[in-house]
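Note that these values count all heavy atoms, side chains included, but never hydrogens, waters or copies made by symmetry. Being a predicted model, the structure only gives us computed values, none of them experimental.
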Amino acid sequence: MRDRLIVGLDVPTLTEADKVVAALGDTVSFYKIGHQLAFAGGLSFARELAGSGKKIFLDMKLLDIDNTVAKGVENIARMGMTMLTIHAYPKAMRAAVQAAEGSGLTLLGVTVLTSMDDADLKEAGYALTARELVKKRVAQARDAGMGGIVCAPTEVNEMRDVAGPGMALVTPGIRPAGSDHGDQKRVMTPGDAIRAGGSHLVVARPIVASPDPKAAAQSILDEMAAA
């Protein structure tokens with residue numbers, strides 16, 4: 001399960017990120033670095049972690065013209081990253097897949113952010129519900145040759161049928177029973193997400209904000225294993 005739990009280093013400084021990694025030790029082998037830490041020196045930190053044997057999910061959610069996406073993916077692949085997110089727009093995904101070919105980098109299509117619900121999508125101009133749009137994006141990611149997708153755990157079971165058996169289904173929005181949901185709207189417990197068919201679970205605040213991150217991570221790992 002250590003390779004299926006991804007701890008989100010959603011902290012503002014490298015000092016705090018380093019403290020979390022040190023506190024977790026060998027309990028955790030996989031980390032996510034997103035925009036907050038990336039813009040505080042986190043890209044160099046990602047290289048260091050990868051060099052020490054950790055797996056890194058670089059959550060950059062790339063979306064741009066084809067050439068810009070491709071060149072970005074090429075450089076990220078050279079950094080030794082394990083996973084990278086691309087917004088699940090067909091042209092961007094096809095450019096990314098071509099650029100990552102042969103590198104071992106797993107590209108993940110971001111379908112609909114877990115902080116968004118049907119009302120949010122309607123406000124943004126989409127006619128589809130969250131579930132309908134996720135299903136469409138998953139099919140497009142599959143057809144583009146992506147390695148996996150990011151979706152809410154509440155959608156994993158249905159989306160596995162669309163994605164097929166070979167794609168990774170990475171699920172943020174994981175909250176242990178009784179914990180604060182924060183800004184997440186489509187959530188599930190670690191055990192339920194594993195039972196639903198999630199391949200990787202992304203957990204940030206319940207671990208990094210815990211007084212004892214290692215114990216919090218171990219509790220989640222135990223729940224995943226039991227499931």
Side-chain angles (χ1 to χ4, degrees), residues 1-64 68-87 92-93 95-110 145-150 167-172 174 190 198-210 212-218 220-221 224-225:
M1 288 297 160
R2 287 175 72 247
D3 289 336
R4 298 178 67 180
L5 172 62
I6 304 174
V7 173
L9 292 175
D10 296 339
V11 294
T13 68
L14 290 181
T15 299
E16 292 180 64
D18 197 45
K19 286 180 180 178
V20 171
V21 173
L24 291 171
D26 292 334
T27 304
V28 171
S29 63
F30 213 149
Y31 289 97
K32 177 183 78 74
I33 292 178
H35 292 147
Q36 182 181 25
L37 191 60
F39 298 135
L43 295 182
S44 295
F45 189 62
R47 284 193 181 92
E48 292 174 13
L49 287 178
S52 71
K54 301 294 186 182
K55 295 181 178 180
I56 304 299
F57 167 14
L58 201 58
D59 189 16
M60 292 291 98
K61 299 181 178 70
L62 300 183
L63 179 60
D64 212 308
T68 300
V69 168
K71 296 305 180 185
V73 169
E74 287 173 4
N75 278 344
I76 290 168
R78 296 188 189 105
M79 292 170 62
M81 302 295 97
T82 302
M83 289 180 169
L84 170 69
T85 46
I86 309 288
H87 270 294
M93 290 191 292
V97 167
Q98 186 173 2
E101 187 174 359
S103 69
L105 177 64
T106 297
L107 297 173
L108 304 173
V110 177
M146 297 282 281
I149 57 102
V150 179
M167 293 182 73
L169 298 187
V170 180
T171 62
I174 302 298
S199 63
H200 299 77
L201 310 188
V202 180
V203 185
R205 277 169 282 188
I207 293 176
V208 301
S210 170
D212 188 343
K214 186 172 184 177
Q218 189 60 58
I220 290 172
L221 286 167
M224 291 167 65

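Heavy-atom minimum distance, Ala50 versus Met79: CB-O, 4.4 Å. Listed here is the closest heavy atom pair of Ala216 and Ile207: CB-CA, 4.2 Å. Listed here is the closest heavy atom pair of Met81 and Ala46: CE-O, 3.7 Å. Taking both residues in full, the closest heavy atoms of Ala217 and Thr27 are given as CB-CG2, 4.2 Å, listed atom of the first, atom of the second, then distance. Closest heavy-atom contact between Val97 and Met146: CG2-SD, 3.7 Å.
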message: Could you walk me through whether Val170 and Met83 satisfy the side chain to side chain contact (heavy atoms under 4.5 Å, CB included) test, starting with their C-alpha distance in whole Å, then the side-chain angles of each, then the deciding distance to 0.1 Å, before giving a yes or no?
response: CA-CA 10 Å; Val170 180; Met83 289 180 169; 4.2 Å; yes
task: Go through the steps for Leu37 and Leu14 under the test side chain to side chain contact (heavy atoms under 4.5 Å, CB included), then give the verdict.
output: CA-CA 7 Å; Leu37 191 60; Leu14 290 181; 3.9 Å; yes
Worked check of side chain to side chain contact (heavy atoms under 4.5 Å, CB included) between Val203 and Val7: CA-CA 5 Å; Val203 185; Val7 173; 5.8 Å; no
message: For Ile149 and Met167: C-alpha separation, side-chain torsions, deciding distance, then whether side chain to side chain contact (heavy atoms under 4.5 Å, CB included) applies.
response: CA-CA 7 Å; Ile149 57 102; Met167 293 182 73; 3.8 Å; yes
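To the nearest 0.5 Å, atom CG of residue Leu24 and atom NZ of residue Lys214 are 8.5 Å apart. To the nearest 0.5 Å, atom CG of residue Leu58 and atom NE2 of residue His35 are 8.5 Å apart. Rounding to the nearest 0.5 angstrom, the gap separating the CG atom in Leu62 from the OG1 atom in Thr68 is 10.0 Å. Atom CE of Met1 and atom CD of Gln218 lie 12.0 Å apart (nearest 0.5 Å). If you take NE2 on His200 and OG1 on Thr171, they are separated by 10.0 Å, rounding to the nearest 0.5 Å.
Scored by the side chain to side chain donor-acceptor pair (under 3.5 Å) test, Glu101 finds no partners at all (sequence neighbours excluded). Listed by chain and number, the residues in a side-chain contact (heavy atoms from CB on, under 4.5 Å) with Ala99 are Ala70, Val73, Glu74 (sequence neighbours excluded). Residues satisfying the side chain to side chain donor-acceptor pair (under 3.5 Å) criterion with Thr13, sequence neighbours excluded, are Glu16. Evaluation of the side-chain contact (heavy atoms from CB on, under 4.5 Å) rule for Val21 yields Leu9, Tyr31, Phe45, Leu49 as partners, not counting sequence neighbours. Shown here are the side chain to side chain donor-acceptor pair (under 3.5 Å) partners of Asp212, two or more places apart in sequence or in another chain: there are none. Shown here are the side-chain contact (heavy atoms from CB on, under 4.5 Å) partners of Gln36, two or more places apart in sequence or in another chain: Asp10, Pro12. With sequence neighbours excluded, the residues that form a side chain to side chain donor-acceptor pair (under 3.5 Å) with Asn75 are Arg78. In this structure, the side-chain contact (heavy atoms from CB on, under 4.5 Å) partners of Ala23, at least two apart in sequence or on a different chain, are Pro213.
Within the 3.5 Å criterion, the main-chain N or O of Gly198 finds a donor-acceptor partner in the side chain of Arg4. Not one N or O on the side chain of Thr82 forms a donor-acceptor pair closer than 3.5 Å with the backbone of Phe57. Side-chain atoms of His87 do not come within 3.5 Å of backbone N or O of Gly109 as any donor-acceptor pair.
Counting heavy atoms from C-beta on, the side chains of Ile174 and Val202 never come closer than 4.5 Å. Leu169 is not listed as a side-chain neighbour of Val150, based on a closest heavy-atom distance of 4.5 Å or more. A 4.5 Å side-chain heavy-atom check between Val110 and Ile86 finds every atom pair outside the cut-off. Contact check for Leu84 versus Leu108: no side-chain heavy atoms found under the 4.5 Å cut-off. Within the 4.5 Å cutoff, no side-chain heavy atoms of Val69 are placed close to those of Leu63.
Screening residues 44-59 for salt bridge (Lys or Arg N to Asp or Glu O under 4.0 Å) gives Asp3-Lys55, Lys32-Asp59, Asp59-Lys61 as the qualifying pairs, with residues at least two apart or on separate chains.
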